[in-house]
Amino acid sequence: MSTTTEPRKPRVHVWLWIVQGLLAAVFLFSGGSKLATPIQVLAEQSHLSGGFMKFIGVCEVLGALGLVLPGVTHIRPGLTPLAAALLVIIMIGATVNTAIVLPSVLPLPVIVLLLTAFVAYGRSRLAPLDGAARTSPPVTR
């Protein structure tokens, strides 16, 4: 292992936690608002069915929890990159939908999509939560 990449891992780990927290807030708000809104209103607001919008809301809330809870509880940390990857799929749909319906706000879902992809890649390759990225090098005396 080279010493030039070692200081980078803690920085990536911190940036990933910051992005995970922000994305969790975004998806909790977005999914929670879909769950709190009546099905008929959701159907009127979108060209998608109200039931499908409720399903997306459940997925967003569960994804938000999956971004944070495995790392905080140290239980099944491999679920974090999986949750992020599944949220990437949701954000691809949201980006396409926004491009069709309201292209003037297209940068918003694109940014969320890119940040979610960063977490999926970062937690699977750059700084996994399984402890490998958090372990310090052995102390030599």
Side-chain angles (χ1 to χ4, degrees), residues 1-140:
M1 205 188 305
S2 108
T3 56
T4 57
T5 60
E6 200 57 43
R8 217 176 125 206
K9 275 191 179 183
R11 263 187 269 170
V12 170
H13 185 69
V14 168
W15 277 109
L16 281 165
W17 268 116
I18 291 168
V19 172
Q20 284 172 244
L22 291 171
L23 287 173
V26 166
F27 285 114
L28 274 176
F29 177 77
S30 175
S33 66
K34 286 178 183 78
L35 293 177
T37 305
I39 255 179
Q40 297 80 9
V41 175
L42 286 173
E44 291 169 4
Q45 292 176 348
S46 174
H47 64 279
L48 303 170
S49 74
F52 184 70
M53 294 301 291
K54 287 281 187 185
F55 171 72
I56 294 295
V58 169
C59 292
E60 288 175 340
V61 169
L62 291 175
L65 296 174
L67 288 175
V68 178
L69 288 182
V72 171
T73 63
H74 304 291
I75 299 171
R76 309 275 296 179
L79 290 177
T80 296
L82 176 63
L86 295 173
L87 286 169
V88 164
I89 295 169
I90 288 176
M91 288 314 301
I92 289 170
T95 302
V96 170
N97 187 45
T98 302
I100 293 167
V101 176
L102 197 61
S104 62
V105 295
L106 187 59
L108 292 173
V110 169
I111 290 169
V112 174
L113 169 64
L114 292 174
L115 289 173
T116 307
F118 168 65
V119 171
Y121 179 76
R123 285 300 179 203
S124 65
R125 303 285 179 189
L126 300 176
L129 288 171
D130 61 2
R134 288 180 281 145
T135 58
S136 57
V139 177
T140 57

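These values consider heavy atoms only, across backbone and side chains, with no hydrogens, waters or symmetry-generated copies.
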_Considering only residues two or more places apart or on different chains, which pairs with a residue in residues 100-118 satisfy side-chain hydrogen bond (donor to acceptor under 3.5 Å, both in side chains)?_
none

*Only pairs at least two apart or in different chains count here, so list each side-chain hydrogen bond (donor to acceptor under 3.5 Å, both in side chains) that has a residue in residues 35-46.*
none

*Is any side-chain heavy atom of His13 less than 4.5 Å from a side-chain heavy atom of Leu129?*
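Side-chain contact under 4.5 Å: yes.
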
_Between Thr95 and Ile92, is there a side-chain heavy-atom distance shorter than 4.5 Å?_
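Result no, sub-4.5 Å side-chain heavy-atom pair not found.
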
Check [X] against [Y] and note the closest heavy-atom contact, atom names and distance.
{"X": "Leu28", "Y": "Ala64", "result": "CG-CB, 3.7 Å"}
{"X": "Ala84", "Y": "Leu67", "result": "CB-CD2, 3.8 Å"}
{"X": "Lys54", "Y": "Leu35", "result": "NZ-O, 2.7 Å"}
{"X": "Gly66", "Y": "Thr80", "result": "O-OG1, 3.2 Å"}
{"X": "Leu87", "Y": "Cys59", "result": "CD2-O, 4.2 Å"}
{"X": "Leu79", "Y": "Pro70", "result": "CB-CG, 4.0 Å"}

Taking only residues at least two apart or on different chains, which pairs with a member in [range] satisfy salt bridge (charged side-chain N to carboxylate O under 4.0 Å, His left out)?
{"range": "residues 80-101", "value": "none"}
{"range": "residues 84-104", "value": "none"}
{"range": "residues 12-40", "value": "Lys34-Glu60"}
{"range": "residues 66-92", "value": "none"}

Approximate separation, where rounding is to 0.5 Å, of [X] [atom1] and [Y] [atom2]:
{"X": "Ile56", "Y": "Phe27", "atom1": "CD1", "atom2": "CZ", "answer": "10.5 Å"}
{"X": "Ile90", "Y": "Asn97", "atom1": "CD1", "atom2": "CG", "answer": "13.0 Å"}
{"X": "Leu115", "Y": "Leu22", "atom1": "CG", "atom2": "CG", "answer": "8.0 Å"}
{"X": "Ser49", "Y": "Ile39", "atom1": "OG", "atom2": "CD1", "answer": "7.5 Å"}

_Working for side-chain contact (heavy atoms from CB on, under 4.5 Å), residues Leu86 and Leu82_ = CA-CA 6 Å; Leu86 295 173; Leu82 176 63; 4.2 Å; yes

Residues two or more places apart in sequence or in another chain: which of them pass side chain to side chain contact (heavy atoms under 4.5 Å, CB included) with [X]?
{"X": "Val105", "result": "Thr98, Leu102, Leu108"}
{"X": "Ser124", "result": "Pro81"}
{"X": "Pro103", "result": "none"}
{"X": "Ala94", "result": "Met91"}

_Trp17, CH2 atom: more than 12 neighbouring heavy atoms under 6.0 Å_ =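 Result for CH2/Trp17: enclosed.
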
*Give a yes or no on whether the backbone of Leu69 and the side-chain of Thr73 come within a donor-acceptor separation of less than 3.5 Å.*
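Confirmed, Thr73 side chain pairs with Leu69 backbone.
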
